[in-house]
Amino acid sequence: MKNEFMQMAINLSIENIDKGGGPFGAVIVKGNKVIAASGNSVTNDNDPTAHAEINTIRAASKKLGTFDLSGCEIYSSCEPCPMCLGAIYWARIDKLYFANTKKDADAIGFSDNFIYDELEKPYQERNLKTETMMREEAQEAFLKWMNSENKTEY
């Protein structure tokens with residue numbers, strides 16, 4: 001079954017090019033049943049976060065009615081970028097399978113190296129000008145959350 005799910009992700013990545021999207025596809029499976037599948041739609045949707053994995057996580061969460069995708073596996077046609085990998089962790093997906101590597105993606109112009117490099121730097125040294133401000137005022141929300149009896153932890 002694993003090969004079938006990966007082939008589905010790869011097929012999505014190939015078909016997605018003809019639809020004007022990037023060469024990426026992803027499939028989320030639970031109990032050997034496909035829950036969601038999608039290609040990359042960054043350029044079609046004018047959404048820089050619309051990577052195949054993100055689109056698929058959103059669809060799976062909506063279909064299952066939960067933000068917790070424990071018990072699911074994700075098959076990606078390419079090694080996930082830092083944003084997608086973070087989303088996979090946040091979604092609590094049990095296992096990741098990928099085909100192309102980040103080096104393969106870099107070779108065709110999809111490089112995430114600058115993000116990996118930036119993450120290693122203190123925020124004051126990053127290329128994105130970053131400044132912290134009004135922390136004390138913002139603490140009110142964190143304190144309210146911490147003391148709330150109505151919160152759903154995630």
Side-chain angles (χ1 to χ4, degrees), residues 1-132 138 141-142 145 151-154:
M1 296 292 296
K2 288 184 199 179
N3 288 357
E4 291 175 31
F5 298 137
M6 182 56 76
Q7 189 62 59
M8 186 182 296
I10 292 167
N11 290 346
L12 281 166
S13 73
I14 296 166
E15 295 163 6
N16 205 50
I17 298 166
D18 294 332
K19 296 177 182 175
F24 304 98
V27 176
I28 291 180
V29 174
K30 185 171 188 174
N32 286 327
K33 181 181 177 199
V34 174
I35 303 300
S38 182
N40 168 302
S41 62
V42 169
T43 54
N44 291 338
D45 294 344
N46 291 316
D47 179 353
T49 69
H51 291 198
E53 297 90 343
I54 299 293
N55 289 342
T56 306
I57 288 169
R58 288 174 179 158
S61 294
K62 188 171 188 175
K63 183 173 183 178
L64 295 175
T66 181
F67 57 83
D68 185 344
L69 298 180
S70 296
C72 293
E73 298 177 336
I74 188 166
Y75 293 79
S76 180
S77 66
C78 187
E79 185 174 358
C81 74
M83 174 185 69
C84 293
L85 186 60
I88 290 165
Y89 275 106
W90 281 117
R92 297 185 180 108
I93 292 173
D94 290 355
K95 190 159 187 179
L96 162 67
Y97 300 91
F98 65 85
N100 289 314
T101 67
K102 62 184 176 182
K103 287 184 181 181
D104 297 327
D106 186 35
I108 64 162
F110 291 93
S111 179
D112 299 322
N113 291 334
F114 72 98
I115 297 174
Y116 289 110
D117 292 343
E118 287 288 293
L119 289 172
E120 294 296 319
K121 298 176 186 176
Y123 72 85
Q124 303 92 331
E125 295 175 19
R126 294 180 184 161
N127 288 324
L128 175 63
K129 304 292 183 240
T130 305
E131 179 180 328
T132 182
F142 282 11
W145 170 261
K151 65 186 170 199
T152 301
E153 302 218 13
Y154 57 97

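Note that the numbering runs from 1 along the sequence shown for the chain.
More than 12 heavy atoms of other shown residues, nucleotides or ligands fall within 6.0 angstrom of atom NZ in Lys121. Counted within 6.0 Å of CG on Asn3, heavy atoms from surrounding residues, nucleotides or ligands total 12 or fewer; the atom is thus considered open. In the displayed structure, Glu120 atom CD is contacted under 6.0 Å by at most 12 heavy atoms of other residues, nucleotides or ligands.
The line from CG of Asn40 to CG of Asp45 is 9.0 Å long, rounded to the nearest 0.5 Å. Distance SG/Cys78 to NZ/Lys102: 10.5 Å, rounded to 0.5 Å. Residue Leu96 holds its CG atom at 7.0 Å from CD1 of Ile74, rounded to the nearest 0.5 Å. Between the CD1 atom of Ile108 and the NZ atom of Lys103 there is a distance of 16.0 Å, given to the nearest 0.5 Å.
Gln7 and Asn11 share a side-chain donor-acceptor pair at under 3.5 Å. Under the 3.5 Å distance criterion, with hydrogens and angles disregarded, a donor-acceptor pair is assigned to the side chains of Thr101 and Asp104.
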Return all side-chain donor-acceptor pairs below 3.5 angstrom for residues 49-65, not counting sequence neighbours, or 'none' if the list is empty.
from  : atom 1 : to    : atom 2 : distance (Å)
Thr49 : OG1    : Asp47 : OD1    : 2.6
Thr49 : OG1    : Asp47 : OD2    : 3.3
Thr49 : OG1    : Arg58 : NH2    : 3.3
His51 : NE2    : Pro48 : O      : 3.4
Glu53 : OE2    : Ser76 : OG     : 2.6
Asn55 : ND2    : Gly39 : O      : 3.0
Asn55 : ND2    : Ser41 : OG     : 3.0
Asn55 : ND2    : Ala50 : O      : 3.3
Thr56 : OG1    : Ala26 : O      : 3.3
Thr56 : OG1    : Ser38 : N      : 3.3
Thr56 : OG1    : Ala52 : O      : 2.7
Ser61 : OG     : Ile57 : O      : 3.0
Ser61 : OG     : Thr66 : O      : 3.4

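Here the side chains of Thr152 and Phe67 are in contact, with some heavy-atom distance below 4.5 Å. Residues Phe5 and Glu73 are not in side-chain contact: their nearest non-hydrogen atoms beyond the backbone lie 4.5 Å or more apart. Using a 4.5 Å cut-off on side-chain heavy atoms (C-beta onward), Ile10 and Tyr75 make no contact.
Remark: aromatic rings of Phe110 and Phe24 are close, center separation under 6.0 Å.
Put simply, the side chain of Asn44 gets close to the backbone of Lys19: a donor and an acceptor are under 3.5 Å apart. Using modelled atom types, no side-chain atom of Asn16 and backbone atom of Pro23 make a donor-acceptor pair closer than 3.5 Å.
Among residues at least two apart or in separate chains, salt bridge (charged side-chain N to carboxylate O under 4.0 Å, His left out) pairs with a member in residues 79-99 are Asp68-Arg92.
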